[in-house]
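Okay, so here's the structure we're looking at.
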Amino acid sequence: MKNMILGFKEFISRGNVIDLAVGVIIGAAFSPIVTALTDNVIMALIAAIFGKPNFDHVGEFTLNGATVMPGTVITALINFLLIAFALYFCIVLPMNKLRKSKEVEEIATPSEDIVLLTEIRDLLKKN
C-alpha cells in the first residue's frame with residue numbers, strides 16, 4: 001500500500017501532469033472570454049449581415065420526417081475557427097513575442113563564463 005501511495009505521489013509531482021492541470025484550469029478560465037467574443041461580437045455581426053446569429057438552418061431539409069441541418073456543421077466550424085483565432089492572437093502570439101524577446105536579451109548579454117573566457121583570450125593574445 002505504501003508503494004502505491006509513493007508511486008501516486010511521484011506521478012502527481014511530475015511536471016507534465018501539473019502542466020496539464022494548469023492548462024485545463026487556464027482553458028476553463030479563458031472559455032468565458034472566448035464564448036463572449038464568439039457569441040456577443042462575431043455572431044452578432046453575422047446576425048447583422050445574414051439576419052440570423054448562426055448558420056444552423058442553412059440548407060435545412062426534411063427527409064422522411066427527420067430534419068437534416070447541415071448548417072450546424074458550418075456553425076461549429078466557424079466557432080472552432082473563431083476560438084482558434086482568439087487563442088492564437090490573444091495567447092500564442094504574445095507568448096511567442098515574449099519568449100523571443102527573452103532569447104534576444106539572453107543573446108545580447110553574454111553569461112559570466114563567456115565574459116571571463118573572452119577576457120582570458122584577450123589577455124593571451126596580448127602576451
Side-chain angles (χ1 to χ4, degrees):
M1 183 70 172
K2 191 174 183 179
N3 286 339
M4 279 184 20
I5 292 172
L6 289 174
F8 181 72
K9 181 181 174 186
E10 182 182 327
F11 171 73
I12 291 298
S13 63
R14 285 185 191 160
N16 55 356
V17 173
I18 293 170
D19 291 344
L20 179 62
V22 169
V24 168
I25 292 168
I26 293 293
F30 191 67
S31 179
I33 297 169
V34 173
T35 301
L37 176 68
T38 303
D39 293 345
N40 300 327
V41 177
I42 305 296
M43 289 303 180
L45 291 172
I46 290 172
I49 295 169
F50 296 104
K52 293 184 180 181
N54 56 42
F55 299 103
D56 288 352
H57 299 287
V58 171
E60 179 180 346
F61 63 94
T62 304
L63 183 64
N64 288 336
T67 303
V68 180
M69 300 172 65
T72 57
V73 176
I74 296 170
T75 299
L77 180 63
I78 288 174
N79 285 342
F80 171 77
L81 291 174
L82 291 174
I83 290 168
F85 181 82
L87 284 173
Y88 180 75
F89 284 102
C90 293
I91 293 180
V92 174
L93 195 60
M95 290 303 289
N96 285 346
K97 285 185 180 183
L98 181 64
R99 187 176 300 126
K100 192 176 226 178
S101 68
K102 273 188 172 182
E103 289 173 2
V104 168
E105 185 178 305
E106 288 174 2
I107 291 171
T109 56
S111 63
E112 291 180 28
D113 56 344
I114 299 294
V115 172
L116 182 61
L117 288 171
T118 304
E119 290 174 3
I120 292 171
R121 181 199 65 201
D122 292 345
L123 286 172
L124 289 172
K125 279 184 179 179
K126 281 183 181 179
N127 296 333

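Keep in mind that the numbers below use all heavy atoms, side chains included, and drop hydrogens, waters and symmetry copies.
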Set of side chain to side chain contact (heavy atoms under 4.5 Å, CB included) partners for [X], sequence neighbours left out:
| X | value |
| --- | --- |
| T62 | T67 |
| I33 | F30 |
| V92 | Y88, N96 |
| I26 | V22 |

Solution key, residues 112-119 side-chain donor-acceptor pairs under 3.5 Å, sequence neighbours excluded:
residue : atom : partner : partner atom : Å
D113    : OD1  : S111    : OG           : 2.3
T118    : OG1  : I114    : O            : 2.7

Run through the side-chain heavy atoms of Ile, Leu, Val, Met, Phe, Trp and Tyr, join any pair under 4.5 Å, and report what else lands in L63's cluster.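 Its cluster partners, ordered by chain and number, are F61, V68.
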Which residue pairs satisfy the side-chain hydrogen bond (donor to acceptor under 3.5 Å, both in side chains) criterion with at least one member in residues 23-33, sequence neighbours excluded?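 Applying side-chain hydrogen bond (donor to acceptor under 3.5 Å, both in side chains) to every pair that reaches into residues 23-33, excluding sequence neighbours, yields nothing.
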Suppose we screen for ring-ring contact (aromatic ring centres under 6.0 Å, His included). Which residues come up paired with F89, at least two apart in sequence or across chains?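 F85.
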Can you list the residues that meet the side-chain hydrogen bond (donor to acceptor under 3.5 Å, both in side chains) rule with D122, with sequence neighbours excluded?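 Once residues adjacent in sequence are excluded, D122 has no partner under the side-chain hydrogen bond (donor to acceptor under 3.5 Å, both in side chains) criterion.
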By side-chain hydrogen bond (donor to acceptor under 3.5 Å, both in side chains), which residues pair with D56, not counting sequence neighbours?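 Partners of D56 under the side-chain hydrogen bond (donor to acceptor under 3.5 Å, both in side chains) test: N54, T75.
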How many angstroms lie between atom [atom1] of [X] and atom [atom2] of [Y], to the nearest 0.5 angstrom?
| X | Y | atom1 | atom2 | result |
| --- | --- | --- | --- | --- |
| F55 | T72 | CZ | OG1 | 12.5 Å |
| I78 | I74 | CD1 | CD1 | 7.0 Å |
| L124 | R121 | CG | CZ | 10.0 Å |
| N40 | L45 | CG | CG | 11.0 Å |

